[in-house]
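First up is the structure itself, then whatever we jot down about it.
Note that these values count all heavy atoms, side chains included, but never hydrogens, waters or copies made by symmetry. Letters A, B, ... are given to chains in the order of the sequence lines, protein chains preceding strands, and every chain is numbered from 1.
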There are 2 protein chains.
Amino acid sequence: MSTRQRRRVTIADVARHAGVSTTAVSKVLRSAYGVSPAMRDRVRAAIDELGYRPRAAARAMRGRTYTIGVLLPDLRNPFFPDILDGLYEQLAATDYQAIIVTGGPDAKAESRAIDALVDRQVDGLLMVAPRVARARLEEVAGQVPAVVLGLHEKSARYDTVLDDDEVGAELVVGHLIGLGHRRIAHIGQRAVGRGRAAATLHEIRAATYARVMREQGLEGEIAVALTSYSEEGGYQGARELLARSPRPTAIFAGADQAAFGALTALHEAGLSVPADVSLAGYDNTRLAGLSQISLTSVDQDGGVMGRTAGRLLLERVEGRRSAVRFSVTPTLVPRRSTAPPPDSVA
Amino acid sequence: MSTRQRRRVTIADVARHAGVSTTAVSKVLRSAYGVSPAMRDRVRAAIDELGYRPRAAARAMRGRTYTIGVLLPDLRNPFFPDILDGLYEQLAATDYQAIIVTGGPDAKAESRAIDALVDRQVDGLLMVAPRVARARLEEVAGQVPAVVLGLHEKSARYDTVLDDDEVGAELVVGHLIGLGHRRIAHIGQRAVGRGRAAATLHEIRAATYARVMREQGLEGEIAVALTSYSEEGGYQGARELLARSPRPTAIFAGADQAAFGALTALHEAGLSVPADVSLAGYDNTRLAGLSQISLTSVDQDGGVMGRTAGRLLLERVEGRRSAVRFSVTPTLVPRRSTAPPPDSVA
DNA sequence: GAACGCGTGGGTAACGTTACCCGAATCGGC
DNA sequence: GCCGATTCGGGTAACGTTACCCACGCGTTC
C-alpha cells in the first residue's frame, strides 16, 4: 500500500511489459508516424495495464508541456469564469490543460506570476487584462505564444481579443443621456504605470465616457472617480462622487463589480436606485440579472472571447506567427437600475 | 530581437560567465551548504547579469517543482477566492507558486484534472470540496502530499481542513425556528457517486437540517430539493419547493450561490423576501452583504481555512506524515432576508 | 611534523521523454 | 526476379538540473 514510495511507472516499464522499445511507446503516445495497428494496440494495452501516465516534466525537457497558462488579475470578478468556460470548451478536444495563476495587486507581482508560467514552460499563455507594461508583454510574447485579452494596444508579437469598449461605453452614456440625465459620473480604474498610451479597457471606457459627455455638451458635468474595478473600489468611488455638490443623478461604473460596491455606498447614503440615482455597470455578470439588483449593464460575450482566445492560442502553438486582432461588439442590457432622473419633467 | 529563437540561458551559461562549475551555481540557487560568501556573490552577479531563471521542468526531473496545485470545483463560487487569499498569504514567503485547475461538472472530469496536476509533479495538492471518491483521494495522497478542504471524512493519508458544517446548519435552522418558522425547506446539492458515507459538506448541512427539524418536532415539515450549489441549482430548487402546497415560509440554501438563484425564483413567483418567504444562505460571500440582497448567512472564515491549508501543505512537503484535522467554527450573520413568517402572531 | 578534520569547489551520472537517424522487411512495378 | 520505395521498429543522444561523491588545501591537534 505504500504507493508514495514506489517509483512511478515510466515509459521504459511500459516498453518492457509490451516487449517493445521505448521509442515505439513514445510514438504511440504521440500518435506519431510509423507504427502498425498491432503495435499500437499492444502498447495501449500495456499502458492501461500499468496505469502509465507520461511525466510532464520529462516531456517538457524535450518539447511540449501540453499546458496553457492563464493569467487572471484576480478570482473575484465574475466575468472571468465566462471567459474560461469558452477557453475550456476550445481545449476540451485537445490534450492541453489550462492552469490558472492570479496576478496580484500590482504590476510587479503580476510580472512574477507571468515568470512563474514561463518558467514552467507553458506552451501558450493567455493574459487577461494584464497590468504590466507593453514592453514586458512583447518580451513574454517573444518567449512563448501569447494572446492578450482586454488590451487595445496593437502588437505584432501577440494576438489580441477584446470587447469594443468604446461602443460599450457609448451605449451606457447614451442610454443615460437618453433617459434625461446630465450629471453623469464615472467610476474607473486608476492606471498603474503602463506609460501614457491609453490602451487598457478601463482607460478606453473612461475616455469614451468623457468624449461622449463633451459631444453632448456636458463637458462641465464630467465627474470621474478613479479607484479600481472591485467592490471596494466601487464603494470608495461612489462615496467620493456622492460627496460632490450637486451630486450626480447617474453613475456609470466601469465594471459590475464596482457597481456592486457603489450600491452599498448609495444605500449607506440613504439614496435609492434608481429613484434618486441611476446606476449602470459593465460586463453583465450573472449577479447583475438578479431581480433584487437588476443592474443595467453591458454584455460582452465572454464565452466567445474565451473560445476565440483558445483557438488563437492553439493556432499559435501550431506555428502561426502573424498577429490577429479579434473584437466583440457589446450590447446594452437595460434593467431597472436606470431610470429618468428624479427632477425630470418626464 | 528574435528572442523566441534564442536559446534560454541555462545554468551552464551562468557557470561559464562566472568562471565556476555548474555545481557551484546549483548550490547557490538552492542556498545549499558548502559555498563561500565570495562565491555566492560572484554567482549571484552572473545570474543577474544574464537574467537567468531556473527551468521548472529540469528541476522537476531531479526533485521539486516548487509548485502547489489547487483543485477548485469551479470558479464562480465567490467563497473560493477567500480561501485562496489565505493560501497565497501563506505561500508568499516561500518559493512556492500556486496553480489552479477547475474540476468540471462530474467526478470523472475532476479526476482528470487531478491527474493533470499529478502529472505536472506538484509538490503539494490542495483539493477543495472534491467530488471524487474517497479511495481516489487516498490514492492521490499516496503520490503527493495532499490537503482536502471541506470533506468530513477522516483519513490517515491526507490532512483535512473544514468548517463545522453541523454547527453552521444548526445556527441557520435554529435562527429560523426562533423567528417562528415551521415550514422550513432546504436546498442542497445532489450527491454524485461517492458511496454511502455522508461526508461532503453539503451532505452534512442537509443531514443536520433534517436532524434539527426532527428534534424540534418538525419532522412532518421537512422539505428538501437536491440540485447543486450554483445559481442555476438554487433557482431550480426554489421553484421546486415553491410549487409544493403549502409552500414553505423559509428556505435554507446550502450556499449563498444557490440562495442567489433562489432569489430570482422567488421574484418570479411574485413573492417578496422576507415578507412572504425568509431566505438564508451559507458562506457569507461578499454579495450577501450587499444592502439590496442583505442575505442572512453563515460565516466560515475562508482566509483562516486557506492559510491553514497552506501551512499544513508546507509541513507535509517538508516531510510530516501524520494526518491533521483542522476545524473552523462558523458564526451566523443575520440580515434582513430573514424575518418572522407572514402569519405569525408576533 | 604527520595525521586528521573541515571547509570549499568540481566531475558526473542520473531523472524520463522525444527527435533523429539507421537498418530490416515488405511491397509493387517492370 | 531484381531494384527502388515505403513501412515499421529500435538505438541513442540529448534536454537542464541536482545529488552524490571525491579532491584539494588549510588549520588544528597530539
Side-chain angles (χ1 to χ4, degrees), chain A residues 5-44 46-47 50-67 95 118-123 143-144 317 319, chain B residues 5-44 46-47 50-67 95 118-123 143-144:
Chain A
Q5 301 307 346
R6 199 161 58 233
R7 201 175 46 77
R8 188 169 165 156
V9 26
T10 74
I11 204 172
D13 298 324
V14 176
R16 208 173 307 121
H17 191 261
V20 299
S21 72
T22 59
T23 302
V25 179
S26 176
K27 280 180 184 167
V28 172
L29 284 174
R30 294 170 291 130
S31 37
Y33 174 83
V35 43
S36 64
M39 164 73 89
R40 184 157 37 72
D41 295 345
R42 211 157 117 212
V43 171
R44 288 249 170 86
I47 287 174
L50 273 59
Y52 166 78
R53 294 188 57 89
R55 286 237 241 164
R59 291 186 137 178
M61 292 288 288
R62 296 289 309 165
R64 304 214 166 159
T65 53
Y66 298 95
T67 307
D95 285 333
V118 174
D119 292 345
R120 282 161 185 76
Q121 283 172 272
V122 291
D123 294 329
Q143 294 177 76
V144 50
V317 171
Chain B
Q5 300 309 345
R6 200 162 55 235
R7 201 175 46 77
R8 191 171 164 153
V9 26
T10 74
I11 205 172
D13 299 325
V14 175
R16 209 173 306 122
H17 192 259
V20 299
S21 71
T22 59
T23 301
V25 179
S26 177
K27 279 180 184 167
V28 172
L29 284 174
R30 295 170 291 128
S31 37
Y33 174 82
V35 43
S36 66
M39 166 71 89
R40 185 158 38 71
D41 295 346
R42 213 157 115 208
V43 172
R44 289 249 170 87
I47 287 173
L50 288 133
Y52 166 79
R53 294 187 57 87
R55 286 237 239 164
R59 289 186 139 178
M61 291 288 288
R62 294 293 307 166
R64 302 212 167 161
T65 54
Y66 298 96
T67 307
D95 285 333
V118 174
D119 292 344
R120 281 159 187 77
Q121 282 173 275
V122 291
D123 294 328
Q143 295 178 74
V144 49

Please report, rounded to the nearest Å, how far the [atom2] atom of [N] is from the [atom1] atom of [X].
X       : N       : atom1 : atom2 : answer
D119(B) : dC15(C) : CG    : P     : 19 Å
R64(A)  : dT18(C) : CZ    : P     : 12 Å
Y52(B)  : dG16(D) : OH    : C1'   : 7 Å
R59(A)  : dA19(C) : CZ    : C1'   : 14 Å
Y33(A)  : dA19(C) : OH    : C1'   : 16 Å
M61(A)  : dG16(C) : CE    : P     : 12 Å
R55(A)  : dA14(C) : CZ    : P     : 16 Å
R120(B) : dT17(C) : CZ    : C1'   : 15 Å

What nucleotide, of [options], holds the atom closest to the side chain of [X]?
X      : options                   : result
T22(B) : dA19(D), dT12(C), dG10(C) : dT12(C)
R62(B) : dA14(C), dT18(C), dG10(D) : dA14(C)
R30(A) : dG9(D), dA19(C), dG16(C)  : dA19(C)
M39(B) : dG10(C), dT17(D), dT18(C) : dG10(C)

Residue-phosphate contact under 4.0 Å: T10(A) side-chain N/O, dG16(C) OP1/OP2: no
Under-4.0 Å salt bridge between R53(B) and D119(A): yes
D13(B) with R16(B): basic N within carboxylate O range, under 4.0 Å: yes
Measure across [X] and [Y] and return the closest heavy-atom pair with its distance rounded to 0.1 Å.
X       : Y       : result
R8(A)   : V118(B) : NH1-O, 3.4 Å
G19(B)  : R42(B)  : O-NH2, 3.4 Å
R120(B) : A56(A)  : CG-CB, 3.7 Å
A12(B)  : T22(B)  : CA-CG2, 3.9 Å

Min side-chain heavy-atom separation R30(A)-K27(A) under 4.5 Å: yes
Residue mapping more 5' on DNA chain D - nearest nucleotide basis, R53(B) or K27(B): R53(B)
Sugar-phosphate, base or nothing in reach of V25(B), heavy atoms under 4.0 Å: nothing
Base dT7(D) paired with S36(A) side chain (donor-acceptor, <3.5 Å): no
Side-chain donor/acceptor contact of T23(B) with base of dT12(C) under 3.5 Å: yes
Inter-axis angle, terminal five-pair segments of the helix from dG1(C)-dC30(D) to dC30(C)-dG1(D) [nearest 10°]: 40°
